[in-house]
Colleague: 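Got a structure for you, written out below as structure tokens; questions coming shortly.
Because only heavy atoms are used, hydrogens play no part in the values below, and waters and symmetry mates are left out as well, while side chains stay in. Letters go in sequence order (proteins before strands), and every chain restarts at 1.
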Amino acid sequence: MKILVCISKAPDTTTKIAFTDNNTKFAADAVQWIINPYDEWYALVRAIELKEKDASAVIHLVTVGEADAEPVIRKALALGGDEAIRINASSQDSYYIASQIAEVAKQGAYDLILTGKETIDYNGSCIGGMVAELLNLPYVSLATKLLLNGSNAVITREIEGGEEVCDVALPVLVSCQKGMAEARIPNMRGIMAARTRPLKVVEPVAADNLTSIVSFELPPAKAGVKLVPADNPAELVRLLHEEAKVF
Amino acid sequence: MSVLIFIDQSEGHIKKASLEALSYGVKVAENLGVGAEGVALGSASEDLAALGQYGVKKIYHVNKATFNHLDAQAFTSVIAEVAQSSGAKVIIFSNNVDGKAIAPGLSVKLKAALVSGAVALPDTANGFVVKKTVFSGKAFANISLNTDVKIIALNPNSYPVSATGSGTAEVVSFDVKTDATKVKVTAVNKVEGEVPLSEADIVVSGGRGLKGPENWGMIEELAKLLGAATACSRPVADAHWRPHHEHVGQTGLAIAPNLYIAIGISGAIQHLAGVNRSKTIVVINKDPEAPFFKAADYGIVGDAFGVVPKLIEEIKKVKGVA
Ligand SMILES: Cc1cc2nc3c(=O)[nH]c(=O)nc-3n(C[C@H](O)[C@H](O)[C@H](O)COP(=O)(O)OP(=O)(O)OC[C@H]3O[C@@H](n4cnc5c(N)ncnc54)[C@H](O)[C@@H]3O)c2cc1C
Ligand SMILES: Nc1ncnc2c1ncn2[C@@H]1O[C@H](COP(=O)(O)O)[C@@H](O)[C@H]1O
């Protein structure tokens, strides 16, 4: 069993979002980078849980990013994983990133490729589906559970207003979200062990960027809250009914 | 040349989000001066021809029961066939569960630029630029699509459904070579009788301020009265006070209802990330300093256990419920 987990760096969830260069660049200077929460909590931890049940399983991590992605992929390696690959490139275009991951994936002949549901910065929810198509693999998105049954995966995924269970033969690409795995934190032993685990840096292959970011903007500021006294909920109901017209 | 819109009916009915995408796609077509067509997969659950009222002229129907459940890879390949044979230049999805599964694969298959999470019509004054949400709704990016064929996945609740067209759509049955699906659906579990959170116009949400699961009665009563779905903050779901699928926020579901009522929720940035696209936000919290008030349109500083029952009584009066 060979598992590839796609790891992206993301700005810490409390980061103040601001832009520079005439609103064309994210102000990343003071940003604390973390592992994209879906990648860490769900994709990576589920891979680790699977390895705990099957010691012969091998977990590789892959990230597309420049040197500033290194601490993040190291932290992921400290949680678990046998080897990490950093593809030395930076792009905000999903097709470009997916093309890089697909190249690494082809060479590794993985049974299972896991991504997070989405990155919390550019929120594409695209990479998984693109990598799957580039590799001609089935794609199960928004998974909340993943079990292995011989050479098949039994996956529970979100549908509108519920969930469904599906069965698919490996290899498969799965995007992971809440429900997948139990939370865990890296321990000192993991962090020490990770130092000796290999982190390979490879150069990107040629690939197109299909999109480009023209500019960013912040949402217009809210007008400010209208407070209603606690003893007068009738006034709130009136405002919602007559002013906001929401019911 | 045309705009092709994916009609999402794989779960038994045409979803509201899909009607939004349909209305949006018809408008995109109108702005480009081309026709709008639809594509539906699987046995038709509703009268497809009636979708003409949204302005779509023609619908390709791939009427095979194999496609009654989503298999992203197979759907991608079918829609690619339809898009190629119909000469679609822009392909529209809702950025909902099915759209997120299919659009990325289609982007690869057609080598067509994709923008997911779109919130506005394309700006074609200078190229083809679409505004989308980034940083979990905390900002927007204007994305230029730099290929001949383009794909847009529209965020739910960001474009109104408009039934302005007249007449019926011509439904053309479309036969495809693709028949096998690799993903076999073995069970479907839907929460019956409740409004699905992702489709709800009104959401009533509770946080840790409610102290325990036994106090959710008033939340449910308020939701029922308003025809709303219920939601919760992450610690509430983590503590198993409420089911996991109700968790909204950065790591839960992102929603954008017309009205979001937050009760006993502090308004942490990770929570706001999932609800800040709501049109109107009401906050009930006993702490005047709770950060949620900064993101709210209306608020009451007060004890939920005193305020909510009174609120329920007042809404009953307005709704004429005894
Ligand atoms: C990486 C990361 C991701 C996260 N993702 C999410 C996410 O997706 N969703 C999410 O919700 N959280 C998320 N969190 C957690 C988030 O930071 C907050 O801890 C959480 O939202 C707090 O939940 P709460 O508001 O219910 O509880 P609290 O912060 O404990 O707030 C309770 C509120 O209730 C009020 N209150 C108490 N009693 C009453 C009363 N009687 N009447 C009225 N008001 C009362 C209090 O004044 C307080 O404001 C995430 C955190 C991290 C680090
Ligand atoms: N630069 C990257 N390197 C490796 N994996 C990535 C990268 N960007 C995104 N991913 C993976 O793809 C998932 C979906 O990302 P996105 O399509 O950007 O929302 C993430 O949760 C990651 O698992």
Colleague: What part of B:V318 lies closer than 4.5 angstrom to a heavy atom of chain A: side chain, backbone, both or neither?
Modeller: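 Side chain only.
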
Colleague: Can you tell me which of A:A230, A:S212, A:G129 forms the most heavy-atom pairs within a distance under 4.5 Å of chain B?
Modeller: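 With the most close heavy-atom pairs to chain B, the winner is A:S212.
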
Colleague: Under 3.5 Å, is there a donor-acceptor pair between the A:D167 and B:T186 side chains?
Modeller: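 Absent: no donor and acceptor within the cut-off.
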
Colleague: Salt bridge or not between B:D297 and A:K222? Use side-chain N to carboxylate O under 4.0 Å.
Modeller: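 Yes.
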
Colleague: Tell me, which pairs form a ring pair (Phe, Tyr, Trp, His ring centres under 6.0 Å) where one or both residues lie in residues 111-162 of chain A, sequence neighbours left out?
Modeller: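 Matches after skipping sequence neighbours: A:Y122-B:F135.
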
Colleague: Regarding A:E163 and B:K190, does a basic nitrogen lie under 4.0 Å from an acidic carboxylate oxygen?
Modeller: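 Not counted as a salt bridge, because no side-chain N and carboxylate O are separated by less than 4.0 Å.
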
Colleague: Go through the atoms of B:A74 and report whether side chain, backbone, both or neither lie under 4.5 Å from a heavy atom of chain A.
Modeller: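 No part of B:A74 comes within 4.5 Å of chain A.
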
Colleague: Can you tell whether the side chains of A:K178 and B:D238 come within less than 4.0 Å, N to carboxylate O?
Modeller: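 The answer is yes: the pair qualifies as a salt bridge.
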
Colleague: Could you list which of residues 231-247 of chain A have a heavy atom closer than 4.5 Å to any heavy atom of chain B, in residue-number order?
Modeller: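 Near chain B, by residue number: A:D231, A:P233, A:A234, A:L236, A:V237, A:L239, A:L240, A:H241, A:E243, A:A244, A:V246, A:F247.
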
Colleague: Under a 4.5 Å heavy-atom cut-off, does chain A meet the side chain of B:Q270, its backbone, both or neither?
Modeller: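 For B:Q270, the side chain is the part near chain A, not the backbone.
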
Colleague: A:N123 side chain to B:S136 main-chain N or O, any donor-acceptor pair under 3.5 Å?
Modeller: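 Answer holds: yes.
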
Colleague: What part of B:H245 gets closer than 4.5 Å to chain A, counting heavy atoms only: side chain, backbone, both or neither?
Modeller: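 Neither; nothing under 4.5 Å.
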
Colleague: Without swapping roles, check the side chain of B:S116 against the backbone of A:G124 for a donor-acceptor pair under 3.5 Å.
Modeller: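 Flag set: sc B:S116 to bb A:G124 pair under 3.5 Å.
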
